[in-house]
Amino acid sequence: MARDVVVVGSINADLVVQVERHPLPGETLLGRTSVVLPGGKGANQAVAAARLGADVAMVGAVGEDVNATTALSGLRDAGVDLAHVHTVDAPTGLAVVTLSDDGENTIVVVPGANAAVGERVVDGAADLVTGARVCVVQAEIPLATVAHVARLADAGGTRLVLNVAPAAELPLETVVAADPLVVNEHEAATLLGRRFADAGDAARELAARGVRSVVVTLGAGGVVGVEDGATWSLPARTVDALDTTGAGDAFVGALAAGIADGLAVEQAAVLATRVAAASVTRLGAQPSYPWRGDDLP
Ligand code: RIB
């Protein structure tokens with residue numbers, strides 16, 4: 001069955017630790033609370049899209065361990081098709097998220113089973129990818145797989161939302177398959193090989209290199225985009241931020257859902273900025289994402 005959105009990407013368990021402040025190198029601190037939540041950039045994006053009502057399938061891998069149950073719980077809860085999520089002989093991906101009272105977080109990701117999301121896994125889901133309205137991929141799985149997904153989507157005429165997060169260098173032929181390419185300023189600088197003072201200039205430079213549409217996210221600074229030669233920008237919604245973990249993924253998932261629903265990139269980004277703003281008002285990544293019909297900022 002043709003899906004609105006197919007996400008090829010990472011699935012993690014997030015060990016979230018709340019601390020008063022981050023430890024200095026060599027220092028031991030007592031944390032205040034700890035919880036294990038479903039996460040991973042790919043799974044987060046799939047859940048964000050599905051909670052908005054999109055028909056979503058996930059392609060990825062988890063281990064045969066207790067973290068797999070948590071890692072898949074948000075996807076199951078949101079009704080995401082998991083037929084192409086493989087169980088492999090490696091630990092489920094783990095992210096250790098340290099969240100301090102000033103709202104700053106640090107994340108260490110151990111890919112584990114996500115490293116097993118190779119080209120063969122994608123080929124096994126080829127019909128799903130080429131039949132979907134939108135395919136989403138990020139850089140928390142092997143980069144050769146990201147390039148393979150881009151080729152497959154391009155050949156099959158599937159709209160590719162490419163989120164190069166975390167920052168990575170990718171060949172131009174992969175990047176130009178995106179429509180849109182979604183990056184923050186740091187990720188844009190890594191792709192371009194230099195930092196631009198103005199995010200609009202970075203977006204225009206990426207478009208000049210052949211990317212059909214570009215979205216640069218700026219956190220509290222909003223979003224800048226380029227599509228069909230025109231630059232647009234949107235402000236971020238003003239909210240009391242509690243935890244920004246996974247806000248970028250909420251943005252990408254909502255953007256994909258909007259595009260699958262027929263919206264232009266800029267219109268989909270309006271929805272995505274609202275969904276991302278809602279997500280930062282609650283703890284965690286997936287548990288913070290709004291459902292279709294919820295009030296949005
Ligand atoms: O973008 C946030 C995500 O990054 C977390 O859920 C964590 O799993 C890491 O992948």
Side-chain angles (χ1 to χ4, degrees), residues 7-18 34-51 58-63 65-78 80 85 90-100 103-117 136-143 145-146 161-168 182-187 190 215 217-220 241-256 272 275-289:
V7 179
V8 183
S10 57
I11 304 170
N12 293 338
D14 288 0
L15 169 59
V16 182
V17 179
Q18 286 186 296
S34 69
V35 63
V36 183
L37 299 172
K41 293 185 192 303
N44 293 348
Q45 293 167 3
V47 168
R51 283 191 174 199
M58 178 87 209
V59 180
V62 293
D65 51 19
V66 68
N67 279 343
T69 307
T70 305
L72 295 175
S73 60
L75 291 158
R76 286 193 207 286
D77 200 36
V80 175
V85 173
T92 298
L94 178 70
V96 181
V97 181
T98 310
L99 182 63
S100 66
E104 284 296 325
N105 62 26
T106 61
I107 305 182
V108 177
V109 179
V110 187
N114 295 305
V117 185
V136 182
V137 66
Q138 349 61 35
E140 230 175 27
I141 54 173
L143 296 182
T145 310
V146 176
V161 175
L162 171 61
N163 174 220
V164 191
V182 186
V183 284
N184 64 23
E185 285 177 289
H186 176 60
E187 293 151 3
T190 302
V215 177
T217 58
L218 307 168
L242 176 70
D243 178 9
T244 58
T245 308
D249 304 328
F251 181 92
V252 172
L255 189 78
V275 169
S279 78
V280 305
T281 63
R282 292 185 283 267
L283 187 72
Q286 293 172 33
S288 72
Y289 296 167

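In this chain, residues are counted from 1 in sequence order. Whatever order the structure lists them in is the order used to number ligands and atoms, beginning at 1.
- The distance from ligand 1 to the heavy atoms of G39 drops below 4.0 Å at these ligand atoms: 6 (O), 8 (O).
- With values rounded to the nearest 0.5 angstrom, N114 atom CG is found 11.5 Å from K41 atom NZ.
- Within the structure, ligand 1 has G246 among the residues with a heavy atom less than 4.0 angstrom away.
- Panel note: side chain Q45, backbone F251; no donor-acceptor pair is recorded below 3.5 Å.
- Counting the atoms of ligand 1 from 1 in the order shown, those under 4.0 Å from a heavy atom of E140 are 4 (O), 9 (C), 10 (O).
- Near A95, meaning under 4.0 Å from one of its heavy atoms, ligand 1 places the atoms 7 (C), 8 (O).
- Of the listed residues (D14, V96, N163, V252), the one carrying the non-hydrogen atom nearest atom 8 (O) of ligand 1 is D14.
- Formation of a donor-acceptor pair under 3.5 Å by the Y289 side chain with backbone atoms of G246 is found in this model.
- Side-chain atoms of T98 do not come within 3.5 Å of backbone N or O of V17 as any donor-acceptor pair.
- In N44, the part holding a heavy atom less than 4.0 Å from any atom of ligand 1 is the side chain.
- Interface of G40 with ligand 1, defined as ligand atoms under 4.0 Å from a residue heavy atom, comprises 5 (C), 6 (O), 7 (C), 8 (O), 10 (O).
- Two residues are said to be in side-chain contact when any heavy atoms from C-beta on lie closer than 4.5 Å; L242 and T281 fail this criterion.
- In this structure, atom 4 (O) of ligand 1 lies nearest to the protein heavy atom K41 NZ, 3.3 Å.
- Residue D249 approaches ligand 1 through these ligand atoms, each under 4.0 Å from one of its heavy atoms: 1 (O), 2 (C), 3 (C).
- Taking the side chain as every heavy atom from C-beta outward, Q286 and D77 never approach each other to under 4.5 Å.
- T245 contributes atom OG1, which lies 5.0 Å from atom CD1 of I107 (distance to the nearest 0.5 angstrom).
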